[in-house]
Number of protein chains: 4
Amino acid sequence: MGTKGQQTAQLIKTAARTVFKRDGYLNARMTDIADEAGKSPATLYNYFDNKREILHAMLEDFLSRVLDQGNPDPQGVYTSESLRSAIAVFWRTYTEFLPELVGITHAASVEDEFLQAWMQIREVGVKQIAGRVKVLQRQGLVDPKLDPYVAASALSSMLEHSCYLWLGMDAGGIGRPGSDDEAIDTLTYLWSRALGIE
Amino acid sequence: MGTKGQQTAQLIKTAARTVFKRDGYLNARMTDIADEAGKSPATLYNYFDNKREILHAMLEDFLSRVLDQGNPDPQGVYTSESLRSAIAVFWRTYTEFLPELVGITHAASVEDEFLQAWMQIREVGVKQIAGRVKVLQRQGLVDPKLDPYVAASALSSMLEHSCYLWLGMDAGGIGRPGSDDEAIDTLTYLWSRALGIE
Amino acid sequence: MGTKGQQTAQLIKTAARTVFKRDGYLNARMTDIADEAGKSPATLYNYFDNKREILHAMLEDFLSRVLDQGNPDPQGVYTSESLRSAIAVFWRTYTEFLPELVGITHAASVEDEFLQAWMQIREVGVKQIAGRVKVLQRQGLVDPKLDPYVAASALSSMLEHSCYLWLGMDAGGIGRPGSDDEAIDTLTYLWSRALGIE
Amino acid sequence: MGTKGQQTAQLIKTAARTVFKRDGYLNARMTDIADEAGKSPATLYNYFDNKREILHAMLEDFLSRVLDQGNPDPQGVYTSESLRSAIAVFWRTYTEFLPELVGITHAASVEDEFLQAWMQIREVGVKQIAGRVKVLQRQGLVDPKLDPYVAASALSSMLEHSCYLWLGMDAGGIGRPGSDDEAIDTLTYLWSRALGIE
DNA sequence: TATGAATGAGATTTCATTCAT
DNA sequence: GATGAATGAAATCTCATTCAT
């Protein structure tokens, strides 16, 4: 259950999530987070050096919860079903970690450090997708001239940016899916056809 | 050639482009833009009320240069060639107006006003793509159950976010194309297969 | 005694009184008040949003000290004695709250909000005087054709503006009374004769 | 008819009157006056060193039009009629020179120089009234113990401040007269009774 | 561990005023 | 004589961060 201190650190991170989600990482002020946590601003500094460190801590929690827990099947193969399932997992993960994933995107627009962090997280996914693409190329389902990493990056962008706009932005504009399933179905459809899967 | 005043307004916008590109819209200070323009900060305020207005003015220039000059073919149809050409146009436009297009993305993360503006610009493209998708659905090349706007939004995200990362970010991470052509080819390949073209 | 914070808020108001009195509300800068309070300018903003809010707070203190503590005798009648006493009370109040009362006058010349506030404070006095005038009209001591509010406003102006010039202005010009009593006596004399008392 | 230059100077003063009346002297900016005059700000500086000098020039025009043109009857005596007429003249003068007279009041709250100027103008009136009071004291109509200057200053305040509030302030508050005549009648009534006239 | 209070450092913004033409 | 354009010099205000308790 953790010491008092660990509890407080968690309390602060939870407050930060709330504030980041509500106001955006860039608009969030330390005092807002402190208010949300019901603590004095000074208390935050007993746990985190600054707002950046709070986001970093949140991202570490995210990484240990998501990436480290195993990317099963490093040499995996896409089937219609596994693809849909992979996209659904991504969608749900983005939903669950919205403040972290939108936050890092915004932080990256201001600090190179977070751009690097973002690109590293992204790299995991891109590499995995690229692996699948290579398989498909061997199978003759994807043009062998394609650089699998470039293709993977592009596909990743479709997924990531759709999640960003559809889940993260209050005003997502035209073309917003009516349900999680519609989103996942549409993305799966486009993606599977692009990769020549069934 | 314009009056001195018009020249100065232009000078400021050009300086802002440079600074936005170098430091990012959010990091740019009025002082930086003034320095880049070789003017006093006070001078900027004779032309623009604040940094937001500079970006707005830049976006208006962009709109009058790009969107107003006609989206030819409102009921157009995708062929392999027209698709590649459309993607190439997008790519080149993004390249040319990088500070504006990255700028509005960043500004949107902080001010709702710019999120709206971004979504409006995006809407033009999404609608156009959706029109093409509808045609393909009628031709039986795309699943009629798909909402064409949702699909168009997802495809647009692939394009837009790939440009953002590959062109806009100094550290674009893994999977970066080696040339403009590779980028355009890869995007065209994925997109055309997703839409069942050829 | 109040918390440290309350003390500081009070300290700032006291400093503001001093500075307003010395330099005038309009000339006073936040820095001056901060210096006078022995605080950093930033500290002031932890307590008041701006100079206007400081004056507002001072006026609220004034109102709770003066107006709220009861205008006894709402249907009161003027006698020589009660009139002199009323004028003396006004004089002493103006003396005591000089920074507030001169301050609101000056602030009113620049911001409509303070003009309204001033007029509201004035209204209390004018209504009270008008009530007395009505009584005198019924007693046949004042011309019944007179609008009691107009007359009350004029009499109030005599009192108020005399206080403003004699107490508030360092250079009060010619005709300044030599003592508080002379001021009160003269005003009482003119006022009582104007109203036909005694 | 004047040279071009004199015409422009006049144009600027006229514009300043308009702006002072609309926005108040303190809120008026040089550029506002320039705009109103249809001239460049730089042009104003060819004629006046700053806003203060414009007001000064306006006040000189006022003085030459009003005070210099003779204060008839330096040893004059008040009768009911002459008193009403004197008050009516003051009222009309205040009406006519509202921007100047309200302007100097406001300027005085910020610069001592204008407080002095105001007091000097006021002195002319106070001295005249005091002269009348002395006569009335000799006639036994006013208490000889009264300092005639103090009484004159108080009476002057009634007149001046009533004009200021009733004519000058857009929100004059309660007790505003319905017409010029009502204002003049009320002031005359109070004043004449205060001085024991008739 | 927690915090109320305070502040340094800086960016934005305003406006009177000047200057080159 | 007139002006478009530019700017120096402030004042306001914000916020992350620290410190004494």
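Chain naming here is simple, since letters A, B, ... match the order of the sequence lines and numbering starts at 1 in each.
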Q: Measure from the side-chain heavy atoms of B:T8 and tell me the nearest of E:dC19, E:dT7, F:dA6.
A: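 Nearest listed nucleotide: F:dA6.
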
Q: F:dA9, OP1 or OP2 - any side-chain N/O from B:S40 closer than 4.0 Å?
A: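 So the side chain of B:S40 is outside the cut-off, no N or O lying under 4.0 Å from OP1 or OP2 of F:dA9.
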
Q: Measure from CG on C:L11 to C1' on E:dA5 and round the result to the nearest Å.
A: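 Rounded to the whole Å, the gap is 13 Å.
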
Q: Can you tell if the side chain of C:K13 reaches within under 4.5 Å of the side chain of C:Q10, non-hydrogen atoms only?
A: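 They are in side-chain contact.
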
Q: Between D:N27 (CG) and E:dC15 (C1'), how many Å, whole number?
A: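 Roughly 13 Å, once rounded to whole Å.
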
Q: Looking only at side-chain atoms of C:T43, point me to the closest of F:dA6, E:dA6, E:dT3.
A: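 The answer is E:dA6, which lies nearest to the side chain.
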
Q: Taking the side chain of D:K39 as its heavy atoms from C-beta onward, which of E:dT7, F:dA2, E:dA5 lies nearest to it?
A: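 That would be F:dA2.
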
Q: Should the pair C:W118 and D:Y164 be assigned to parallel (<30°), tilted (30 to 60°) or perpendicular (>60°) ring geometry?
A: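 The arrangement is tilted - the two ring planes meet at 30° to 60°.
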
Q: If we call it a pair only when both distances are under 3.5 Å in a Watson-Crick or G-U wobble match, what pairs with E:dG8?
A: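 The base-pairing partner of E:dG8, which may sit in any strand shown, is F:dC15.
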
Q: I want to verify a distance call: between F:dA5, F:dC13, E:dA16, whose nearest atom is closest to the D:Y45 side chain?
A: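 Within the option list, the nearest is E:dA16.
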
Q: For the pair made of CD in B:E53 and P in E:dT14, what is the distance, rounded to whole Å?
A: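 From B:E53 CD to E:dT14 P: 12 Å.
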
Q: Which is true for D:Y47 with a 4.0 Å heavy-atom rule: it touches a base, it touches only sugar-phosphate, or it touches nothing?
A: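 Here D:Y47 touches the backbone only, sparing every base.
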
Q: Can you spot which of B:E100, B:E36, B:E96 makes a salt bridge (charged side-chain N to carboxylate O under 4.0 Å, His left out) with B:R17?
A: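 Exactly one pass, corresponding to B:E100.
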
Q: Roughly, in whole Å, what's the span from CE in D:M30 to P in E:dT18?
A: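 In whole Å, E:dT18 P and D:M30 CE are 10 Å from each other.
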
Q: Across all strands, who's sitting opposite E:dT21 as a Watson-Crick or G-U wobble pair, both distances under 3.5 Å?
A: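 Per the H-bond distance test, F:dA2.
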
Q: When you get a sec, tell me which of F:dC13, F:dA6, E:dA16 is the closest nucleotide to the side chain of D:R29?
A: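 Of the candidates, E:dA16 comes closest.
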
Q: Looking at the base of F:dA5, is there any donor atom on it, or on the side chain of B:N46, that sits under 3.5 Å from an acceptor on the other one?
A: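 In this structure, the two groups form no donor-acceptor pair.
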
Q: Is C:R52 close to C:L55 at the side-chain level, that is, under 4.5 Å between some pair of heavy atoms?
A: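 Not touching, per the 4.5 Å side-chain cut-off.
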
Q: Within the 4.5 Å heavy-atom criterion, are D:V110 and D:Y25 side-chain neighbours or not?
A: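 No, too far: nothing below the 4.5 Å cut-off.
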
Q: Where the side chain of B:N50 is concerned, which of E:dT13, F:dT7, E:dA2 is the nearest nucleotide?
A: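 For B:N50, the side-chain atoms sit closest to E:dT13.
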
Q: Quick check on DNA chain F: between C:R52 and B:L44, whose nearest nucleotide comes earlier from the 5' end?
A: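 Counting from the 5' end, the first nearest nucleotide belongs to B:L44.
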
Q: Would you mind telling me which residue lines up with the more 5' stretch of DNA chain E, A:G38 or D:D49, judged by nearest nucleotide?
A: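 Counting from the 5' end, the first nearest nucleotide belongs to A:G38.
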
Q: Looking at the side chain of C:A42, which of E:dA6, F:dG8, E:dT7 is the nearest nucleotide?
A: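 Ranking E:dA6, F:dG8, E:dT7 by closest atom to the C:A42 side chain puts E:dT7 first.
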
